[in-house]
Number of protein chains: 2
Amino acid sequence: MSTYTYDYPRPAVTVDITVFTFHENELKVLLIQRKVDPFAGGWALPGGFVDVDENLDAAALRELAEETNIKNVYLEQLYTFGQPERDPRGRVITVAYFALLSLDEAAKQQVQAGDDAGHADWFNVYDLPQLAFDHHAILGYAVQRLRWKLEWTAVGFFLLPAEFTLTELQQVYQTVLDTSLDKRNFRRKMLAAMSEGVSVLEETGDVRKGDHRPAKLYRFSAKAIELEQVRKRFP
Amino acid sequence: MSTYTYDYPRPAVTVDITVFTFHENELKVLLIQRKVDPFAGGWALPGGFVDVDENLDAAALRELAEETNIKNVYLEQLYTFGQPERDPRGRVITVAYFALLSLDEAAKQQVQAGDDAGHADWFNVYDLPQLAFDHHAILGYAVQRLRWKLEWTAVGFFLLPAEFTLTELQQVYQTVLDTSLDKRNFRRKMLAAMSEGVSVLEETGDVRKGDHRPAKLYRFSAKAIELEQVRKRFP
DNA sequence: CCAAAAGTGTTATGCTTACACCCATGC
DNA sequence: GCATGGGTGTAAGCATAACACTTTTGG
């Protein structure tokens with residue numbers, strides 16, 4: 001095997017990805033069961049080494065696809081964790097990512113473990129196993145970021161199927177923010193939300209039938225992705 | 001010289017720090033003039049390689065001290081830049097930091113260049129030279145972060161001397177946000193700002209004498225650092 | 001007809017904004 | 001006494017928050 005030599009020691013660089021989705025009224029995160037030491041058999045965030053000629057974002061997407069078979073996620077960089085002791089194998093700096101997967105994408109895509117991972121599975125964020133490395137801290141940071149983004153931007157979009165009811169949307173908010181919300185105020189606020197003069201939500205015209213009164217279906221308007229940008233404090 | 005060998009190629013990891021201060025009504029950033037290629041003679045953000053057994057934050061503080069003689073800054077991680085082509089010497093991933101230095105600290109500390117740097121100097125953020133590498137992008141990102149933090153938290157504190165007038169504080173806001181603000185509304189909002197039930201600003205009882213009517217001096221109350229946390233959108 | 005979830009308005013309060021004049025000092 | 005920056009109040013409009021009942025469907 002060929003080797004690579006440098007004048008100074010270099011840390012290894014990895015990416016780790018926290019993927020959230022929303023299913024059965026629970027906020028879920030995707031974990032893999034490690035096949036190899038350290039922490040063999042333990043649960044961890046998906047991730048792996050960054051190739052030398054590879055973008056960080058690309059590395060995150062590649063590792064996600066390789067280890068869990070997931071594609072088409074919303075992805076953003078979260079934070080870089082570099083405590084010297086965070087990996088018992090030596091110095092490993094990890095660039096943590098934050099990803100959101102909609103329920104229908106999650107259903108479509110078979111989440112299955114790749115080469116280095118035993119299993120891949122979804123866990124309720126509020127009921128987690130022990131995690132390898134400092135992944136608990138990374139996940140905590142990711143939850144914070146998710147809460148913040150949900151309050152101030154329209155990322156709820158990425159956690160839901162293309163069409164959804166207002167009650168489903170409210171459940172996402174309530175679960176992620178870990179609080180309960182007033183139904184009337186929630187609906188008014190959501191329906192009033194505008195992005196560049198265009199409503200964030202639009203009716204599809206369809207309804208979802210259930211055991212009781214059918215609920216109108218909505219979709220996020222195409223332009224409404226990062227809209228509703230953080231409000232300015234000084235006009 | 002000893003060498004270090006690995007089975008797979010590893011990127012080098014650096015930190016780069018964007019240090020802001022406020023002086024003579026200008027928002028300034030600290031740059032160093034590079035002595036070595038690439039970009040010898042050009043201006044760049046201070047920074048350098050992370051030691052293998054060193055925290056990322058510690059690396060940022062060490063490089064800042066070594067290259068510019070600056071200590072006692074407010075420091076936070078900004079973003080990690082890892083485009084494969086961002087450094088002509090090869091793959092270098094940089095963890096960018098964001099730092100704020102108060103005017104009196106800036107005055108106390110002789111900003112002077114260290115080993116690898118020709119000069120260190122303060123530049124008006126709105127009137128910059130060409131920067132080496134992707135440092136212009138990093139700086140742009142840092143300015144965004146500063147604007148955001150100034151609007152939503154009390155970081156203005158870190159850019160001013162321990163005691164300051166409300167007009168000086170307003171000038172910081174106006175310069176950083178690149179806008180003008182209503183004096184009465186600004187004062188009311190600042191004086192009303194509370195953190196955990198305690199006023200963010202308190203009068204020192206002293207005044208600053210100038211050419212005209214003396215201005216009351218204020219300080220940030222000790223607890224008022226990250227206070228005035230981002231307001232919740234859902235009660 | 002009953003259970004269950006969907007859906008809907010009003011009022012009070014507090015915050016945000018826009019706006020113009022007097023005050024204290026040094027020269 | 002005058003020039004200069006320091007300092008102050010109010011009214012209108014808007015967004016937020018609290019709160020309970022009717023509607024529609026399936027069984």
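Any value given below was found using the heavy atoms of this structure, including those in side chains, with hydrogens, waters and symmetry copies removed. In what follows, every chain begins at residue 1, and chains take the letters A, B, ... in the order their sequences are listed.
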Side-chain heavy-atom pair Phe186(B), Leu169(B) within 4.5 angstrom cut-off =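 Heavy-atom side-chain distance check passes, below 4.5 Å.
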query = Is there a side-chain contact between Leu131(B) and Phe123(B), using heavy atoms and a 4.5 Å cut-off?
reply =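 Counting from C-beta outward, Leu131(B) and Phe123(B) never come under 4.5 Å.
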In whole angstroms, how far is the [atom2] atom of [N] from the [atom1] atom of [X]?
X         : N       : atom1 : atom2 : value
Lys216(B) : dA24(C) : NZ    : C1'   : 12 Å
Lys183(B) : dG9(D)  : NZ    : C1'   : 14 Å
Leu191(A) : dT8(C)  : CG    : P     : 8 Å
Arg184(B) : dC15(C) : CZ    : C1'   : 17 Å
Arg188(B) : dG14(C) : CZ    : C1'   : 13 Å
Glu151(A) : dT16(D) : CD    : C1'   : 15 Å
Arg187(A) : dT16(D) : CZ    : P     : 18 Å
Asp182(B) : dT10(D) : CG    : P     : 16 Å

What class does the angle between the rings of [X] and [Y] fall in, given that below 30° is parallel, 30 to 60° is tilted and above 60° is perpendicular?
X         : Y         : result
Trp148(B) : Trp148(A) : perpendicular
Tyr79(A)  : Tyr141(A) : tilted
Phe133(A) : His135(A) : tilted

ask   = Hey, does the side chain of Glu63(B) reach the backbone of Pro46(B) with a donor-acceptor pair shorter than 3.5 angstrom?
value =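 Not at all, since once roles are kept as given, no pair shorter than 3.5 Å links the two residues.
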query = Looking only at atom types and distance, does a side-chain atom of Thr21(A) sit under 3.5 Å from a main-chain N or O of Lys28(A), one as donor and one as acceptor?
reply =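 The answer is no, because no donor-acceptor pair under 3.5 Å joins these two groups.
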message = So, applying side chain to side chain donor-acceptor pair (under 3.5 Å) with Tyr97(A), which one of Thr18(A), Asp16(A), Asp57(A) is it?
response =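 By the side chain to side chain donor-acceptor pair (under 3.5 Å) criterion, Tyr97(A) pairs with just one of Thr18(A), Asp16(A), Asp57(A): Asp57(A).
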request  = Have a look at Asn124(A) and tell me which of His23(A), Glu24(A), Glu26(A) forms a side chain to side chain donor-acceptor pair (under 3.5 Å) with it.
outcome  =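 Considering His23(A), Glu24(A), Glu26(A), a side chain to side chain donor-acceptor pair (under 3.5 Å) with Asn124(A) is found only for Glu26(A).
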Can you tabulate the close N/O pairs, meaning under 3.5 Å, that link protein atoms to atoms of nucleotides 23-27 of chain D?
from	atom 1	to	atom 2	distance (Å)
dT23(D)	O2	Arg213(A)	NH1	2.7
dG26(D)	O4'	Asp211(A)	O	2.6

key: Residues within residues 161-170 of chain B bordering DNA chain C, heavy-atom distance below 4.0 Å   =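 The answer is none.
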